[in-house]
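The structure appears right after this line, and notes come after that.
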Amino acid sequence: QAGMLDDPSLAIVASNSGGSWFLAQFAFSRSFYGKVTGRTDMSKVVTDWMKSQLSFLNPKLKDVTTGIEQWIGTGLYGKVFKATAVVLWEFHKFPLVVRKAFCGGKMACVTLLDELTSAIFIGSQTEGSWGLYIEKMLQIADSSMAASPATLAYRKGGLVRPQLRFQLANMTSSFANGGSQLPGPANTWRLTGAGPPPGYLTAPLQWVVPGAAPTGALTDSAGFVT
C-alpha cells in the first residue's frame, strides 16, 4: 500500500533459509503474491497455506507403504520400516488423551512419536529427498510454479524489477543431489581459494535470479555470488 514494491530504488531483495520459501512464491506465484498483497486477511492466507500442506501429514496408508517401498526398498529394512509406519499410522488416529495415556501421561513422549510419524509420512511421499519435498510443497501451494525455471521470464508474482538473492547456511560437509557434493563453487569458502574448509564450517551460499533492473552484482556462471 505504501508503494515500496514499486519503488525503482528497490534493486535487490534477499531471503535466508526458510524465508526463501516465501520469497520464491512471492516472486514466482501470481496467486500467492495477490493473496499477500491483497485485502484478504493475512491470518486466513497463512491458515489456508498451512492447510494445503496437510496432505503430507494425513496420507492414506496405501500411499505410505507404497512410498516406503520406493524409498527404502522391499528388503528386510524396508519391511521393518513399513511395519513401523503401519503401527504409527494406526496410533496416530487415536485421540490425544489415549496417546498420552499410552505414554504414561508424558506429553514429551507423545510429541516425539508424532514427530517421528510426520517424518515417516513426509519421507514416504518424497523418497526422503529434501529437494523433492520442497518441490512438492510448492506444487501443492501453486501447481503453476513448481516446474518453473528460476529466471526473470517466469517471475509471475511481484518483484519483477529487483534482483533476487536466495541465501542459505550451507554445511561444507553436507551432501545433496542423491549423495553427490554440490557442483562448482558451492560456498564462499571455496570461492576464496583457501583450500578445503573444516567439515563443521557453515558458510553462506547464495543463488541469484536476475531482475529487470541491472544491479551490477558479480556472479559466476552457476549464479553464485563471487
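Since the structure is predicted, the reported quantities are computational estimates derived from the model, not experimental observations.
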Scan for salt bridge (Lys or Arg N to Asp or Glu O under 4.0 Å) pairs involving residues 69-86, sequence neighbours excluded, and state none if there are none. Glu69-Lys82
Any salt bridge (Lys or Arg N to Asp or Glu O under 4.0 Å) pairs touching residues 93-106, not counting sequence neighbours? Glu90-Lys93, Arg99-Asp114
Partner of Phe26 under ring-ring contact (aromatic ring centres under 6.0 Å, His included), picked from Trp21, Tyr33, Phe166, is Tyr33
Quick one: closest heavy-atom pair of [X] and [Y], and the distance?
{"X": "Leu164", "Y": "Ala27", "value": "CD1-CB, 3.5 Å"}
{"X": "Thr151", "Y": "Phe28", "value": "O-CE2, 3.5 Å"}
{"X": "Lys62", "Y": "Thr65", "value": "O-OG1, 3.1 Å"}
{"X": "Gln70", "Y": "Glu127", "value": "OE1-OE2, 4.3 Å"}
{"X": "Trp71", "Y": "Ile120", "value": "CZ3-O, 4.3 Å"}
{"X": "Ile68", "Y": "Ser124", "value": "CG1-CB, 3.8 Å"}

Grouping I, L, V, M, F, W and Y whenever their side-chain heavy atoms are under 4.5 Å apart, do [X] and [Y] come out in a common cluster?
{"X": "Val97", "Y": "Phe94", "answer": "yes"}
{"X": "Leu23", "Y": "Val160", "answer": "no"}
{"X": "Phe22", "Y": "Val13", "answer": "yes"}
{"X": "Ile140", "Y": "Met50", "answer": "yes"}
{"X": "Ile72", "Y": "Leu61", "answer": "yes"}

Counting neighbours of CE on Met42 that are heavy atoms of other residues, nucleotides or ligands and sit closer than 6.0 Å, is the number greater than 12? yes
Any pair counted as disulfide bond (SG atoms under 2.5 Å apart), so long as it reaches residues 74-108, sequence neighbours left out: Cys103-Cys109
Look up atom CD in Gln139 and atom OG in Ser52, then write down how far apart they are to the nearest 0.5 Å. 11.5 Å
Nearest 0.5 Å, what's the NZ-CD1 distance between Lys136 and Ile122? 11.5 Å
Which residues satisfy the side-chain contact (heavy atoms from CB on, under 4.5 Å) test with Thr47, sequence neighbours excluded? Lys51
Could you tell me whether the side chain of Trp89 and the main chain of Phe121 form a donor-acceptor pair under 3.5 Å? no
Under a 3.5 Å distance rule, please check whether Lys35 uses its side chain to pair with a backbone N or O of Trp49 as donor and acceptor. no
If you link I, L, V, M, F, W and Y whenever their side-chain heavy atoms are under 4.5 Å apart, who else ends up in the same group as Leu132? none
So do the side chains of [X] and [Y] get within less than 4.5 Å of each other, counting heavy atoms only?
{"X": "Val80", "Y": "Leu76", "answer": "yes"}
{"X": "Val208", "Y": "Gln163", "answer": "yes"}
{"X": "Ile12", "Y": "Arg165", "answer": "yes"}
{"X": "Val209", "Y": "Leu152", "answer": "no"}

With sequence neighbours excluded, tell me which residues meet salt bridge (Lys or Arg N to Asp or Glu O under 4.0 Å) with Asp63. none
Show the numbers, then the answer: is there a side chain to side chain contact (heavy atoms under 4.5 Å, CB included) between His92 and Leu116? CA-CA 11 Å; His92 190 66; Leu116 177 60; over 6 Å; no
Are Phe102 and Phe91 near enough that their ring centres are under 6.0 Å apart? yes
